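What follows is a short report on a single structure.
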Amino acid sequence: MADHNFLYKVLGWSALPRAFTFGLTLLSFPLMVRELGAGEYGVMVYLTSITGLLELVAGFGVSAAVGKAMAECRANQPKKTKLVLRNWFALQLWVCLLSALPSIVVGYFLLQFSFQNRPLELGLFALVLLTMYVSVFVSFARAAMSSMLAYRQLAVLDTLESVVRSAGWLLVGLHFQSVWALACAGLFTAVVAMCVSGFSLLRLFRQQLSTQEPDEQRVPDRKAMLRQSAGFMALSLGTRTYQSLPVLMAGRMLGFEITGIWGAFTKVAEILSLPFTIVGN
C-alpha cells in the first residue's frame, strides 16, 4: 500500500468514530455532571485516581510491551503472531492475578488517606477496582490490534465503547443520580469493550489458528518479557504519578467538590483535543 493511502486510511478510521461520538459526549457528559453534582462526581474522580496508580502494578506495562512484540513479529515472523499473542496474554493474566491482593491492600490504605474528608465505601472502591482490571485487558487487546494494523476493528471498538459510555452517562444523569450508578455504568462499558475486543482478536487470528505449525510451540522467555514490561511501566510511572497524586491531595485537603470540578475540566480539555488525537494516531 502506498504511503499516502496508508495515511488516509489511518486518519479515516481514526476520525470517523471519534467524530460520531463527539456530539454524544458533548451531550451526555455535561448532563451527567450537572445532575450528579460536583461532589459525587469528585468521588469517582478520586477513586479512579487511586486505581490509576494501582494500574501500574496491575498492568505492569504488559499492554505496551505486547504492542512492540506483536509489531516485530508481524514484520519478521507473521506465522508466529498467534503464538506470541498467547504467550503475552498468559503473562498479562498472571500479572493481574498476582497483583490483585497487593492492589486491594494498597488501595485500602489510600482510602484511609481520604477518611478525614469523607469516608468512602469499600464496595464502591471494589467496583472501580474491578473496572480497572477489566480495562487492563481492553488496553492489551487495543495494543495487539494496533500492532496488527487492524484499524477497522479498532474503529468499531472505539465507536461502540463511546456509545455505551455516553448511554451510561445519560442514564446516570436522567434517572440514577448516584456515584454507584456511575461506577456500574463504567464497569458495564469496560465489560462490553473487553468482549468486543476479544471477539475481534479471535477473528483476526483465526487464520493463524489453522496455519500454526506444531514445531513452533516453544517455551517463551518469561524473564525477557518481564524486563520489557517493567521498562514500559517505568516509562509511564512519572506521568501516572503526576496525574493522580495532585487529585488525591486535593481530595483530602479541599474536598471532593474540588476533585469533581478538576475532573470535569480535564474531561472537557480531553474532548476539545479531538483533532490532535486523530492526527496523533
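Given the structure is predicted, the values throughout are model-derived calculations rather than measurements.
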Atom pair OG/CG of Ser162 and Leu157 - distance to nearest 0.5 Å
9.0 Å
Stepwise, does the side-chain contact (heavy atoms from CB on, under 4.5 Å) test hold for Leu85 with Phe140?
CA-CA 10 Å; Leu85 178 67; Phe140 179 92; 3.7 Å; yes
Quick check on the hydrophobic clustering: are Val134 and Phe89 connected, directly or via other members, by side-chain heavy-atom contacts under 4.5 Å?
yes
Validation row: Met44, Phe256 side chains within 4.5 angstrom (heavy atoms)
no
Shared hydrophobic cluster, Tyr108 / Met132 (ILVMFWY, side-chain heavy atoms < 4.5 Å):
yes
Check whether any side-chain heavy atom of Val136 lies under 4.5 Å from a side-chain heavy atom of Glu55, and answer yes or no.
yes
With a 4.5 Å heavy-atom cut-off, do Lys68 and Phe232 have their side chains touching?
yes
Do Trp180 and Phe176 share a hydrophobic cluster (ILVMFWY, side-chain heavy atoms under 4.5 Å, transitive)?
no
Separation between CG of Leu182 and CG of Leu127, rounded to the nearest 0.5 Å:
10.0 Å
If you define the side chain from C-beta out and look only at heavy atoms, does anything of Tyr41 sit under 4.5 Å from Ile261?
no
Go through Met32 and Leu170 one step at a time and tell me if the side-chain contact (heavy atoms from CB on, under 4.5 Å) criterion holds.
CA-CA 6 Å; Met32 180 271 295; Leu170 286 174; over 6 Å; no
Looking at side-chain heavy atoms only, is the closest gap between Leu91 and Ser229 below 4.5 Å?
yes
Report the distance from atom OG1 of Thr81 to atom CE of Met148, rounding to the nearest 0.5 Å.
4.5 Å
Assess the residue pair Cys195 and Val191 against the criterion (side-chain contact (heavy atoms from CB on, under 4.5 Å)); give the C-alpha distance rounded to whole Å, side-chain angles, the decisive distance to 0.1 Å, and a yes or no.
CA-CA 6 Å; Cys195 293; Val191 170; 4.2 Å; yes
Using a 3.5 Å distance criterion without hydrogens, assess whether the side chain of Ser147 forms a donor-acceptor pair with backbone atoms of Gly67.
yes
Looking only at heavy atoms, what is the nearest atom pair of Gln92 and Val62, with distance?
OE1-CB, 3.3 Å
Spacing of CG belonging to Leu124 relative to CG belonging to Leu111, to within rounding of 0.5 Å:
9.0 Å
dist Leu53:CG -> Leu248:CG (nearest 0.5 Å) comes out at 6.0 Å
Closest non-hydrogen atom pair between Ala143 and Ser63, with its separation:
CB-O, 3.0 Å
Would Met194 and Leu97 show up in the same hydrophobic cluster when neighbours are defined by side-chain heavy atoms closer than 4.5 Å?
yes
Heavy-atom distance under 4.5 Å between the side chains of Thr189 and Trp169, does that happen here?
no
Ignoring hydrogens and geometry, is there a side-chain-to-backbone donor-acceptor pair from Ser135 to Val138 under 3.5 Å?
no
Output the distance between atom OG (Ser146) and atom CD (Gln153), rounded to the nearest 0.5 Å.
10.5 Å
Would you say the side-chain atoms of Ser103 and Tyr133 include a donor-acceptor pair closer than 3.5 Å?
yes
Nearest heavy-atom neighbours spanning Leu110 and Tyr46:
O-OH, 4.0 Å
Is any side-chain heavy atom of Glu35 closer than 4.5 Å to a side-chain heavy atom of Leu174?
no
Non-hydrogen atoms of Leu129 and Ile104 that approach each other most closely
CD2-CG1, 3.8 Å
State, with a plain yes or no, whether a side-chain heavy atom of Ser197 is found less than 4.5 Å away from one of Phe137.
no
Tell me if a side-chain donor or acceptor on Ser99 pairs with a main-chain N or O of Cys96 at a distance below 3.5 Å.
yes
According to a hydrophobic-cluster definition based on side-chain heavy atoms being under 4.5 Å apart (Ile, Leu, Val, Met, Phe, Trp, Tyr only), do Leu93 and Leu56 belong together?
yes
Please name the pair of heavy atoms, one in Ser200 and one in Met145, separated by the smallest distance, quoted to 0.1 Å.
CB-SD, 3.8 Å
Any donor-acceptor pair under 3.5 Å from Thr48 side chain to Val45 backbone
yes
Closest non-hydrogen atom pair between Phe60 and Leu226, with its separation
CE2-O, 3.8 Å
